[in-house]
Visitor: 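Pasting a structure here, questions to come.
Computed from a predicted structure; not experimentally measured.
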Amino acid sequence: MAQLIAPNGNLHSSWLEAAAEFAGARQDGAGADGWSLDDLNDIQVFRRFVDLLVKDALPETVRKPGYVPCTYLWIVDGGTFLGSLAIRHQLNDYLLNEGGHIGYSVRPSVRRRGHAAKALADALPLARALGIERVLLTCDEDNAGSRATIEKNGGRYEDTRNGKRRYWINNA
């Protein structure tokens with residue numbers, strides 16, 4: 001059964017296989033923006049990437065302007081990487097309007113099996129432990145799968161901004 005774990009360098013091969021399935025599309029919640037797949041093929045570069053993902057949860061970590069502390073988690077089943085999930089500890093203007101507290105993606109070959117819904121359900125207590133009592137989630141207007149995932153976890157639609165549907169989950 002799939003579970004959320006901290007990023008782990010031992011999943012290098014499986015992570016690369018999953019990344020290839022996205023065929024260049026952005027992986028929400030992965031923290032891989034700015035990293036090239038060619039570079040991440042190198043195990044040492046990948047381990048540095050994993051280390052930075054883990055450290056991003058710490059408030060004292062230096063990050064790019066406009067970025068907030070974030071807990072990155074991986075959705076795995078045994079030794080197979082299935083996807084990513086990010087819990088953003090606070091909202092800035094961009095996240096309030098388009099990004100939300102939690103972002104996630106599941107590799108294309110294992111979608112429509114409930115992995116995203118379970119990962120989101122498992123992430124909500126972690127968000128609560130971070131003091132997030134109202135969780136904002138967003139999805140593209142045309143992403144029926146993500147809409148269903150959010151609604152299955154108690155998401156209540158508020159509005160659409162810039163093509164992103166915005167949902168709140170009471171998490172107190």
Visitor: Output the distance between atom OG1 (T138) and atom CD1 (I150), rounded to the nearest 0.5 Å.
Guide: 7.0 Å
Visitor: Among side-chain atoms of D77 and T80, is any donor-acceptor pair under 3.5 angstrom?
Guide: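 No, no side-chain donor-acceptor contact under 3.5 Å.
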Visitor: Out of F49, F22, W35, which residue meets the ring-ring contact (aromatic ring centres under 6.0 Å, His included) rule with W15?
Guide: F49
Visitor: Please answer whether the main-chain N or O of G100 pairs with a side-chain N or O of R166 as donor and acceptor at a distance below 3.5 Å.
Guide: no
Visitor: Report whether V50 and Y72 are members of the same hydrophobic cluster (ILVMFWY, side-chain heavy atoms less than 4.5 Å apart, transitive linking).
Guide: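 Cluster IDs for V50 and Y72 match.
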Visitor: Taking L73 as the starting point, is it possible to reach V110 by hopping between hydrophobic residues whose side chains are less than 4.5 Å apart?
Guide: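 V110 and L73: one cluster.
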Visitor: Say whether I132 and Y67 are linked into one hydrophobic cluster, either directly or through other cluster members, by side-chain heavy-atom distances under 4.5 angstrom.
Guide: no
Visitor: Could I get the full list of salt bridge (charged side-chain N to carboxylate O under 4.0 Å, His left out) partners for D42, not counting sequence neighbours?
Guide: none
Visitor: Indicate, with yes or no, if L4 and L130 share a hydrophobic cluster defined by side-chain heavy-atom contacts under 4.5 Å among Ile, Leu, Val, Met, Phe, Trp and Tyr.
Guide: yes
Visitor: Quick one: are F81 and E17 in side-chain contact, heavy atoms under 4.5 Å?
Guide: no
Visitor: Please evaluate residues L91 and H101 with respect to the criterion side-chain contact (heavy atoms from CB on, under 4.5 Å), reporting the C-alpha separation (whole Å), side-chain torsions for both, the decisive distance (0.1 Å), and the verdict.
Guide: CA-CA 7 Å; L91 298 175; H101 283 107; 3.5 Å; yes
Visitor: Quick one: pull up CG in N10 and CZ in R47 and give me the separation to the nearest 0.5 Å.
Guide: 5.5 Å
Visitor: Please confirm whether the backbone N or O of N171 pairs with a side-chain atom of R128, one donor and one acceptor, at under 3.5 Å?
Guide: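 Looks like yes, one N/O pair under 3.5 Å.
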Visitor: Do L37 and L52 share a hydrophobic cluster (ILVMFWY, side-chain heavy atoms under 4.5 Å, transitive)?
Guide: yes
Visitor: Should L82 and V76 count as side-chain neighbours, where that means a heavy-atom distance under 4.5 Å?
Guide: no
Visitor: Determine the sole option in I102, V135, L120, L137 for which the side chain to side chain contact (heavy atoms under 4.5 Å, CB included) test with N153 is passed.
Guide: L120
Visitor: Is the side chain of R161 donor-acceptor paired with the backbone N or O of D159 at a distance under 3.5 Å, no angle test?
Guide: no
Visitor: With sequence neighbours excluded, what pairs up with E151 under the salt bridge (charged side-chain N to carboxylate O under 4.0 Å, His left out) test?
Guide: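 Checked E151 against salt bridge (charged side-chain N to carboxylate O under 4.0 Å, His left out); zero matches.
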Visitor: Any side-chain heavy atom of W74 within less than 4.5 Å of one from L53?
Guide: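 In contact.
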Visitor: Side chains of N170 and R134, heavy atoms from C-beta outward: is any pair under 4.5 Å?
Guide: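 SC-SC contact between N170 and R134 confirmed.
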Visitor: Would you say the side chain of V68 lies within less than 4.5 Å of the side chain of H89, judging by non-hydrogen atoms?
Guide: no
Visitor: Taking ring pair (Phe, Tyr, Trp, His ring centres under 6.0 Å) as the test, write out the residues that go with H12, two or more places apart.
Guide: F46
Visitor: With a 3.5 Å cut-off and no angle check, do the side chains of E141 and T160 form a donor-acceptor pair?
Guide: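 Yes, because at least one side-chain N or O of E141 sits under 3.5 Å from a partner of the opposite role on T160.
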Visitor: Inspect the contact between K164 and D140 and indicate whether a charged nitrogen and a carboxylate oxygen are less than 4.0 angstrom apart.
Guide: yes
Visitor: So R107 and H115, side-chain contact (heavy atoms from CB on, under 4.5 Å) or not? Walk me through it.
Guide: CA-CA 10 Å; R107 68 192 289 178; H115 296 304; over 6 Å; no
Visitor: With no hydrogens and no angle check, is any side-chain donor or acceptor of R111 less than 3.5 Å from a backbone partner on V106?
Guide: yes
Visitor: Is a donor on one side and an acceptor on the other found under 3.5 Å between the side chain of T71 and the backbone of A57?
Guide: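 Absent.
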Visitor: State whether the side chain of R147 and the backbone N or O of C139 hold a donor-acceptor pair below 3.5 Å, judged by distance alone.
Guide: no
